Amino acid sequence: DQQVKQNSPSLSVQEGRISILNCDYTNSMFDYFLWYKKYPAEGPTFLISISSIKDKNEDGRFTVFLNKSAKHLSLHIVPSQPGDSAVYFCAASGVNRDDKIIFGKGTRLHILP
Amino acid sequence: NAGVTQTPKFQVLKTGQSMTLQCAQDMNHEYMSWYRQDPGMGLRLIHYSVGAGITDQGEVPNGYNVSRSTTEDFPLRLLSAAPSQTSVYFCASRRQPSTNEKLFFGSGTQLSVL
């Protein structure tokens, strides 16, 4: 039973265009959401996060949008750059304070020249 | 600042062998955890610890043991390795449990069980 779902295993985007990565969750108790980026042979690194009290958080080229009613969040990268080619993981944690952070399966983003 | 350090980076085991994956952090983080990454499965939580002497199970704990005798170290033990445990293992930590903070990951251990 997947609590955090990333339904697109891969995505290809032209350099300079917008990349949109999507994530859905099923557990209404989640109140904090994170995006991680992972390059091959490296550990995941934190990218951006959003609390459930917000619907948008921006950090440079990266913006995360949260739609609580739809249990959906998305990561926008504008403009996309070659170094953005990586696997992106969506993750969530909850108000129950059981300390678990649950990850999705990831989306591999390819930025095309 | 080393952050989260995992050893070894690569390991090959035979079915039935035991081994310990080491994880150490130098950030004085209370919370530590172990994940495994498998193709098409993402990152799945194995075990986690909210402080020295306290551990709990994650999503896929079977076949793994952990202990937390110090704040810095959180080893993951495979008592009798199975081919299904072939995976990439990541240790991660964050400053405190029960807070909305990001995890810091180590660089991973690639384990193959033959």
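Basis for what follows: all heavy atoms, side chains included, without hydrogens, waters or symmetry-related copies. Below, chain A is the first sequence line, B the second, and so on; all start at residue 1. Treat the numbers as computed from the prediction; the structure is a model and nothing was measured.
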Could you grab the distance from atom [atom1] of [X] to atom [atom2] of [Y], nearest 0.5 Å is fine?
X       : Y        : atom1 : atom2 : result
B/Leu45 : A/Ile102 : CG    : CD1   : 6.0 Å
A/Leu34 : B/Lys102 : CG    : NZ    : 10.0 Å
B/Tyr35 : A/Phe89  : OH    : CZ    : 11.5 Å

Top contributor to chain A interface from B/Gln110, B/Gln37, B/Gln6 [non-hydrogen pairs under 4.5 Å]: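 The residue among B/Gln110, B/Gln37, B/Gln6 with the greatest pair count is B/Gln37.
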At a heavy-atom separation under 4.5 Å, does B/Glu30 approach chain A through its side chain, its backbone, both, or neither?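 Neither; nothing under 4.5 Å.
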B/Leu43 vs A/Lys38, side chain to side chain contact (heavy atoms under 4.5 Å, CB included): CA-CA, chis, key distance, verdict: CA-CA 11 Å; B/Leu43 291 163; A/Lys38 186 185 179 303; 5.9 Å; no
Which residues from residues 103-113 of chain A are near chain B, with near meaning under 4.5 Å between non-hydrogen atoms?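 Residues in range: A/Phe103, A/Gly104, A/Lys105.
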Considering only heavy atoms, give the residues of residues 10-23 of chain A separated from chain B by less than 4.5 Å, sorted numerically, with 'none' for an empty result.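 Residues of residues 10-23 of chain A touching chain B at under 4.5 Å: none.
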Could you work out the complete set of other residues in the hydrophobic cluster of B/Leu76, with links drawn between I, L, V, M, F, W and Y side chains under 4.5 Å apart?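 Direct or chained contacts put B/Leu76 with B/Leu13, B/Met19, B/Leu21, B/Met32, B/Trp34, B/Ile46, B/Val60, B/Tyr64, B/Val66, B/Phe74, B/Leu78, B/Tyr89, B/Leu111, B/Val113.
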Can you run down the ring-ring contact (aromatic ring centres under 6.0 Å, His included) pairs that involve residues 50-72 of chain A, sequence neighbours left out, and say none if there aren't any?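 Qualifying pairs: A/Phe65-A/His76.
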How about B/Arg94 and A/Phe46: do any of their side-chain heavy atoms sit closer than 4.5 Å?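 They are not in side-chain contact.
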Determine, stepwise, if the pair A/Tyr36 / B/Leu103 fulfils side chain to side chain contact (heavy atoms under 4.5 Å, CB included). CA-CA 9 Å; A/Tyr36 278 80; B/Leu103 284 173; 3.3 Å; yes
If you count heavy-atom pairs under 4.5 Å with chain B, which of A/Ala41, A/Ser51, A/Gly43, A/Pro44 comes out on top?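 Option with the top pair count is A/Pro44.
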